[in-house]
Amino acid sequence: MTDIWAALPKGESSMDMEFSPEDLAFQTEVRDFIAENYPAELRGKQDEGDELGKEDFLAWHKILYKKGWVAPAWPVEYGGTGWTPTQRFIFSEEIARADCIRLLPFGLSMVGPVIYTFGTPEQKARFLPRILSGEDWWCQGYSEPGAGSDLASLRTAAVRDGDHYVVNGQKTWTTMAQHADWGFFLVRTDKEAKPQEGISFLLIDMKSPGITVRPIITLGGEHEVNEVFLEDVRVPVEQRVYEENKGWTCAKFLLAHERTGIAGVASSKRGVERVKAIARTELDGDGPLIDNPFFKRKIAELEIDLTALEFTELRGLAGPNAGKGPGPESSLLKIKGSEIQQRLTELTLEAVGHYGAPYFRGFGEGDNEHPIGPDYAHRAAPTYFNMRKTTIYGGSNEIQRNIIAKMVLGL
Ligand SMILES: Cc1cc2nc3c(=O)[nH]c(=O)nc-3n(C[C@H](O)[C@H](O)[C@H](O)COP(=O)(O)OP(=O)(O)OC[C@H]3O[C@@H](n4cnc5c(N)ncnc54)[C@H](O)[C@@H]3O)c2cc1C
């Protein structure tokens, strides 16, 4: 195996920021914990470029849960860590630095905050502990054919029948729904009202009779997204979060959380170090690619943009609105973060050159051919294709620009 990692900086933070002695002790604690507890089997799969399954994601989730670190952003009363913004920053830096997989956001970063903010005491007691422990895997039922950017035009209908809603309709692009125990769905409960005012937010058991999940295979050949059909699905009224027809409030709150998570600053910083390490190993003529002035310039531009994004995120964490949850500025983080992630995959593909041409998805079921070229090249092409999604999901970047124009710039 080509050890490009040996070339990476090990100890120092790449940020010019003074940490207090307590913060430095915390950094060491996190670093040691990861080194001692990150599953070796998972690390092996990542190194080999194998496809990761539900059990892989849950393995790391459960280790962090046992330690009490699975939901740093949650209020302490619901299972959060109570860390300072600096500690949360250090934690995400260390997670990225050690190349740990990202925990899936649907429970922890999306529906969890909605439930502890808008849910009833019963809903909090029923759902939050199982999100933390990883017992329930969630999916997001927002988009429909014909209702993506214009989400408020969604047509999946929920009609009241006694103490149940009867739900009929179709959702699409539902990530990981094939594994989900529960889904949070936006449904229309009033057809006469203005679009945003007739929507409710329902929590639906994915094993309910009447739900069919069909795969959509993406450009990269992966089964990541699905179509979800709902036919006469009965949902108890107590599984509606917040008031009937006020679901749009929950929907917007959740999207702001989703977009902030998409920015992925810490993992992009690690990604830049990785591209640099590859470019130190790959040759361009007689010298390493990293010495090519054109390539060097692209890396420098990327790093400058990433540093600017990082400071924008830090301003949000430490500024006057800290603790109030993400607002429209999350659109800004989403645009820049997703563009940077795509540029990283482009540079990686460029750096591995012709080794990026064979298309290797990892040793999934049915794969029996060994990849060619160094191990860091194996997933360059599939990752490049897969990451085209980042400027679309969570609300496309064009829509985020509209939000900034209206909500931030007041145009
Ligand atoms: C990989 C992936 C995973 C996803 N996972 C989920 C999920 O788990 N759950 C879920 O609910 N959804 C999910 N989505 C759906 C995603 O949120 C939508 O794809 C997205 O909101 C765009 O909607 P659309 O695909 O219908 O495109 P459209 O809304 O049809 O847009 C098409 C194009 O037109 C542009 N456009 C549309 N309206 C405007 C406007 N007013 N101004 C300027 N430009 C505009 C868009 O930017 C886009 O480029 C996922 C999508 C992808 C690609």
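Note that ligands are numbered from 1 as they come in the structure, with each ligand's atoms numbered from 1 the same way. One is the number of the first residue; the rest follow in order along the sequence.
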Closer than 3.5 angstrom, by distance alone: can the side chain of Glu231 be matched with the main-chain N or O of Ile211 as a donor-acceptor pair? no
Is the NZ atom of Lys54 crowded by more than 12 outside heavy atoms at less than 6.0 Å? yes
Can any side-chain N or O of Gln123 pair as donor or acceptor with the backbone N or O of Thr120 at less than 3.5 Å? yes
Between Ala377 and Tyr355, which heavy-atom pair has the shortest distance, and what is it? CB-CB, 3.6 Å
Table of N or O contacts for ligand 1, cutoff 3.5 Å:
from	atom 1	to	atom 2	distance (Å)
ligand 1	5 (N)	Trp173	O	2.8
ligand 1	5 (N)	Thr175	OG1	2.7
ligand 1	8 (O)	Trp173	O	3.3
ligand 1	8 (O)	Thr175	N	2.9
ligand 1	8 (O)	Thr175	OG1	3.1
ligand 1	9 (N)	Gln140	O	2.8
ligand 1	9 (N)	Gln140	OE1	3.4
ligand 1	11 (O)	Gln140	O	3.4
ligand 1	11 (O)	Tyr142	N	2.9
ligand 1	11 (O)	Ser143	N	2.7
ligand 1	11 (O)	Ser143	OG	3.3
ligand 1	12 (N)	Ser143	OG	2.7
ligand 1	23 (O)	Ser149	N	3.4
ligand 1	29 (O)	Ser149	N	2.9
ligand 1	29 (O)	Ser149	OG	2.6
ligand 1	42 (N)	Asn402	ND2	3.2
ligand 1	47 (O)	Ser396	OG	2.6
ligand 1	47 (O)	Glu398	OE1	2.6

For Asp305, run the salt bridge (Lys or Arg N to Asp or Glu O under 4.0 Å) check against Lys269, Lys298, Arg343 and tell me which one passes. Arg343
Could you check whether the rings of Phe19 and Phe89 sit parallel, tilted or perpendicular, using 30° and 60° as the cut-offs? tilted
